Amino acid sequence: MRPVPLGEQLDERFFGGKAAQLAAAVRAGLCVPAGIAIPVDFVDAVASGRDDARRELGAVFHALGPPLVARSSAVGEDSTQASFAGQHLTRLNLRSLPELVDAVCAIRASAHSPSAIAYRERLGLPPEPRMAVLLQALVDSEVSGVLFSRNPLDG
(Lines give C-alpha, C1' and ligand atoms only; values in the text may rest on other atoms or scores of the structure.)
Protein backbone atom coordinates (compact mmCIF):
# COMPACT_ATOMS: atom_id res chain seq x y z
CA MET A 1 0.00 0.00 0.00
CA ARG A 2 1.06 3.55 -0.68
CA PRO A 3 0.57 6.83 1.20
CA VAL A 4 -2.82 8.43 0.52
CA PRO A 5 -4.32 11.86 1.16
CA LEU A 6 -6.07 12.34 4.46
CA GLY A 7 -9.79 12.39 3.79
CA GLU A 8 -9.98 9.26 1.68
CA GLN A 9 -11.77 6.25 3.12
CA LEU A 10 -8.97 4.88 5.30
CA ASP A 11 -9.09 1.38 6.71
CA GLU A 12 -7.93 1.41 10.33
CA ARG A 13 -6.28 -2.00 9.85
CA PHE A 14 -3.76 -0.46 7.44
CA PHE A 15 -3.64 3.25 8.36
CA GLY A 16 -4.23 3.13 12.12
CA GLY A 17 -6.89 4.63 14.30
CA LYS A 18 -5.80 8.25 14.35
CA ALA A 19 -5.60 8.54 10.56
CA ALA A 20 -8.95 6.78 10.12
CA GLN A 21 -10.64 9.11 12.63
CA LEU A 22 -9.12 12.25 11.12
CA ALA A 23 -10.06 11.10 7.61
CA ALA A 24 -13.67 10.79 8.78
CA ALA A 25 -13.45 14.32 10.23
CA VAL A 26 -12.19 15.65 6.88
CA ARG A 27 -15.03 13.92 5.03
CA ALA A 28 -17.50 15.42 7.53
CA GLY A 29 -16.25 18.89 6.59
CA LEU A 30 -14.35 19.65 9.79
CA CYS A 31 -11.26 21.84 9.68
CA VAL A 32 -8.30 19.43 9.73
CA PRO A 33 -4.77 20.37 8.59
CA ALA A 34 -3.80 18.89 5.22
CA GLY A 35 -2.19 15.50 5.53
CA ILE A 36 -1.07 12.19 4.10
CA ALA A 37 -1.66 8.80 5.74
CA ILE A 38 1.25 6.37 5.52
CA PRO A 39 0.20 2.72 5.92
CA VAL A 40 1.85 0.18 8.19
CA ASP A 41 3.67 -1.73 5.45
CA PHE A 42 5.07 1.48 3.97
CA VAL A 43 6.31 2.61 7.42
CA ASP A 44 7.99 -0.79 7.78
CA ALA A 45 9.63 -0.35 4.35
CA VAL A 46 10.97 3.12 5.28
CA ALA A 47 12.27 1.81 8.60
CA SER A 48 14.00 -1.13 6.89
CA GLY A 49 15.86 1.32 4.63
CA ARG A 50 14.19 0.49 1.32
CA ASP A 51 15.29 3.11 -1.21
CA ASP A 52 12.04 3.06 -3.18
CA ALA A 53 9.99 3.76 -0.04
CA ARG A 54 12.30 6.56 1.04
CA ARG A 55 12.13 8.13 -2.45
CA GLU A 56 8.34 8.03 -2.36
CA LEU A 57 8.39 9.51 1.14
CA GLY A 58 10.48 12.33 -0.34
CA ALA A 59 7.75 12.97 -2.91
CA VAL A 60 5.18 13.11 -0.10
CA PHE A 61 7.41 15.53 1.83
CA HIS A 62 7.71 17.86 -1.15
CA ALA A 63 3.99 17.63 -1.96
CA LEU A 64 2.97 18.75 1.54
CA GLY A 65 5.92 21.09 2.05
CA PRO A 66 7.57 21.92 5.35
CA PRO A 67 7.10 22.43 8.18
CA LEU A 68 5.38 19.13 8.91
CA VAL A 69 4.32 17.11 11.91
CA ALA A 70 4.64 13.32 11.92
CA ARG A 71 2.14 11.62 14.23
CA SER A 72 1.69 8.04 15.32
CA SER A 73 -1.36 6.20 14.00
CA ALA A 74 -1.03 2.67 15.33
CA VAL A 75 -3.62 0.04 14.62
CA GLY A 76 -5.91 0.23 17.65
CA GLU A 77 -4.79 3.74 18.62
CA ASP A 78 -7.55 6.28 19.38
CA SER A 79 -10.13 3.49 19.40
CA THR A 80 -13.00 2.74 21.76
CA GLN A 81 -10.76 0.13 23.41
CA ALA A 82 -7.48 2.10 23.72
CA SER A 83 -6.19 5.64 23.36
CA PHE A 84 -2.41 5.13 23.66
CA ALA A 85 -2.25 8.74 24.89
CA GLY A 86 1.37 9.60 25.63
CA GLN A 87 2.65 6.18 24.54
CA HIS A 88 3.70 6.85 20.96
CA LEU A 89 5.94 9.55 19.57
CA THR A 90 5.03 12.69 17.63
CA ARG A 91 7.66 14.79 15.86
CA LEU A 92 7.07 18.50 15.18
CA ASN A 93 8.58 21.08 12.85
CA LEU A 94 10.10 18.69 10.32
CA ARG A 95 11.87 20.72 7.66
CA SER A 96 13.92 18.19 5.68
CA LEU A 97 13.58 14.70 4.26
CA PRO A 98 16.28 13.26 6.56
CA GLU A 99 14.35 14.64 9.55
CA LEU A 100 11.17 13.04 8.21
CA VAL A 101 12.81 9.65 7.64
CA ASP A 102 14.23 9.77 11.17
CA ALA A 103 10.79 10.72 12.53
CA VAL A 104 9.03 7.82 10.77
CA CYS A 105 11.62 5.38 12.13
CA ALA A 106 11.43 6.82 15.66
CA ILE A 107 7.62 6.76 15.69
CA ARG A 108 7.64 3.13 14.58
CA ALA A 109 10.17 2.31 17.31
CA SER A 110 8.05 4.07 19.95
CA ALA A 111 5.40 1.36 19.55
CA HIS A 112 7.98 -1.07 20.97
CA SER A 113 8.82 0.99 24.06
CA PRO A 114 8.42 -0.79 27.42
CA SER A 115 5.53 1.49 28.40
CA ALA A 116 3.67 0.98 25.10
CA ILE A 117 4.11 -2.81 25.32
CA ALA A 118 2.94 -2.81 28.95
CA TYR A 119 -0.12 -0.76 27.95
CA ARG A 120 -0.92 -3.28 25.19
CA GLU A 121 -0.57 -6.17 27.63
CA ARG A 122 -2.75 -4.47 30.27
CA LEU A 123 -5.55 -4.01 27.72
CA GLY A 124 -5.19 -7.50 26.26
CA LEU A 125 -4.27 -6.20 22.80
CA PRO A 126 -2.20 -8.22 20.31
CA PRO A 127 1.43 -8.16 21.48
CA GLU A 128 2.99 -7.09 18.16
CA PRO A 129 2.24 -3.43 17.40
CA ARG A 130 1.49 -2.26 13.87
CA MET A 131 2.44 1.39 13.37
CA ALA A 132 1.24 3.68 10.61
CA VAL A 133 2.19 7.36 10.47
CA LEU A 134 0.19 10.46 9.73
CA LEU A 135 1.92 13.49 8.17
CA GLN A 136 0.23 16.86 8.44
CA ALA A 137 1.01 20.48 7.79
CA LEU A 138 2.25 22.04 11.02
CA VAL A 139 -0.16 24.69 12.28
CA ASP A 140 1.61 27.74 13.68
CA SER A 141 -0.73 28.36 16.59
CA GLU A 142 -0.61 30.49 19.70
CA VAL A 143 -2.52 27.98 21.86
CA SER A 144 -3.71 24.39 21.66
CA GLY A 145 -5.80 22.05 23.73
CA VAL A 146 -7.96 18.98 23.95
CA LEU A 147 -11.74 19.00 23.96
CA PHE A 148 -13.84 16.23 25.44
CA SER A 149 -17.46 16.12 24.33
CA ARG A 150 -18.16 13.41 26.91
CA ASN A 151 -16.65 12.49 30.23
CA PRO A 152 -13.83 10.08 29.25
CA LEU A 153 -14.36 8.01 32.40
CA ASP A 154 -18.08 7.35 32.31
CA GLY A 155 -19.32 8.59 28.91
Side-chain angles (χ1 to χ4, degrees), residues 1-28 30-79 81-141 144:
M1 255 184 187
R2 302 177 65 163
V4 299
L6 192 58
E8 292 191 10
Q9 187 69 36
L10 301 181
D11 189 326
E12 192 268 347
R13 295 172 301 165
F14 305 109
F15 293 95
K18 189 177 293 169
Q21 295 294 330
L22 286 174
V26 169
R27 291 191 309 276
L30 299 176
C31 184
V32 175
I36 301 286
I38 302 175
V40 172
D41 61 345
F42 193 91
V43 168
D44 292 344
V46 169
S48 69
R50 279 191 24 208
D51 288 337
D52 60 329
R54 289 185 177 198
R55 275 193 304 278
E56 190 166 349
L57 186 63
V60 168
F61 174 80
H62 293 296
L64 281 174
L68 297 177
V69 58
R71 305 174 69 192
S72 65
S73 185
V75 173
E77 185 174 1
D78 290 353
S79 68
Q81 189 178 7
S83 72
F84 284 92
Q87 298 300 318
H88 300 142
L89 191 62
T90 294
R91 288 274 178 94
L92 303 172
N93 203 27
L94 303 171
R95 296 183 175 274
S96 70
L97 181 56
E99 287 178 334
L100 177 55
V101 169
D102 180 64
V104 168
C105 294
I107 290 167
R108 182 180 180 275
S110 74
H112 299 273
S113 72
S115 63
I117 296 297
Y119 183 77
R120 297 182 76 73
E121 288 174 1
R122 192 178 93 220
L123 294 178
L125 299 173
E128 188 58 36
R130 298 181 64 231
M131 181 63 77
V133 172
L134 174 62
L135 298 180
Q136 289 181 280
L138 181 66
V139 175
D140 186 18
S141 65
S144 67

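A quick note: this is a predicted structure, and the numbers were derived from the prediction, not measured. Index from 1, following the sequence. In what follows, every heavy atom counts, from backbone to side chain, and hydrogens, waters and symmetry copies are set aside.
Inter-residue side-chain proximity for Leu68 and Leu138 is flagged as unmet; no heavy-atom pair is nearer than 4.5 Å. By the 4.5 Å heavy-atom criterion applied to side chains, Val75 and Phe15 are not counted as neighbours. Counting only heavy atoms from C-beta outward, the side chains of Ile107 and Met131 approach each other to under 4.5 Å. Considering only heavy atoms from C-beta on, Leu94 stays 4.5 Å or farther from Val69 through its side chain. In this structure the side chain of Glu99 reaches within 4.5 angstrom of the side chain of Arg95, judged on heavy atoms. Counting heavy atoms from C-beta outward, Leu92 and Thr90 have side chains that approach closer than 4.5 Å. Within the 4.5 Å cutoff, the side chain of Pro39 has no heavy atoms near those of the Arg2 side chain. Leu64 has its side chain within reach of Ile36: a pair of non-hydrogen atoms, C-beta onward, lies under 4.5 Å apart.
Side-chain atoms of Gln136 never come within 3.5 Å of backbone atoms of Gly35 as a donor-acceptor pair (strictly under, hydrogens ignored).
Between Gly7 and Val26 the shortest heavy-atom distance is CA-CG1, 3.7 Å. The shortest non-hydrogen separation linking Leu6 to Val32 is CD2-CG1, 3.9 Å. Between Ala132 and Ile38 the shortest heavy-atom distance is CB-O, 3.1 Å. Taking all atoms of both residues into account, the shortest heavy-atom contact from Ala116 to Ser110 is CB-O, 3.7 Å. Taking all atoms of both residues into account, the shortest heavy-atom contact from Glu12 to Ala74 is OE2-O, 4.1 Å. Minimum interatomic distance between His112 and Pro129 (heavy atoms only, all atoms of both residues): CE1-CG, 3.6 Å.
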Handout entry: side-chain contact (heavy atoms from CB on, under 4.5 Å) between Arg91 and Asp102, intermediate numbers included
Key = CA-CA 10 Å; Arg91 288 274 178 94; Asp102 180 64; 2.8 Å; yes
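Note that CG of Leu22 is 10.5 Å distant from CZ of Arg27, once rounded to the nearest 0.5 Å. Expressed to the nearest 0.5 Å, how far CZ of Arg54 lies from SG of Cys105 amounts to 5.0 Å. Here the straight-line distance linking atom CZ of Phe14 with atom CZ of Arg130 works out to 7.0 Å at 0.5 Å rounding. Distance NE2/His62 to CG/Leu97: 6.0 Å, rounded to 0.5 Å.
Residues passing the side chain to side chain donor-acceptor pair (under 3.5 Å) test with Asp44 are Arg108, sequence neighbours excluded.
Under a cut-off of 6.0 angstrom, the local environment of CG in Asp52 is crowded, with over 12 non-hydrogen atoms contributed by other residues, nucleotides or ligands.
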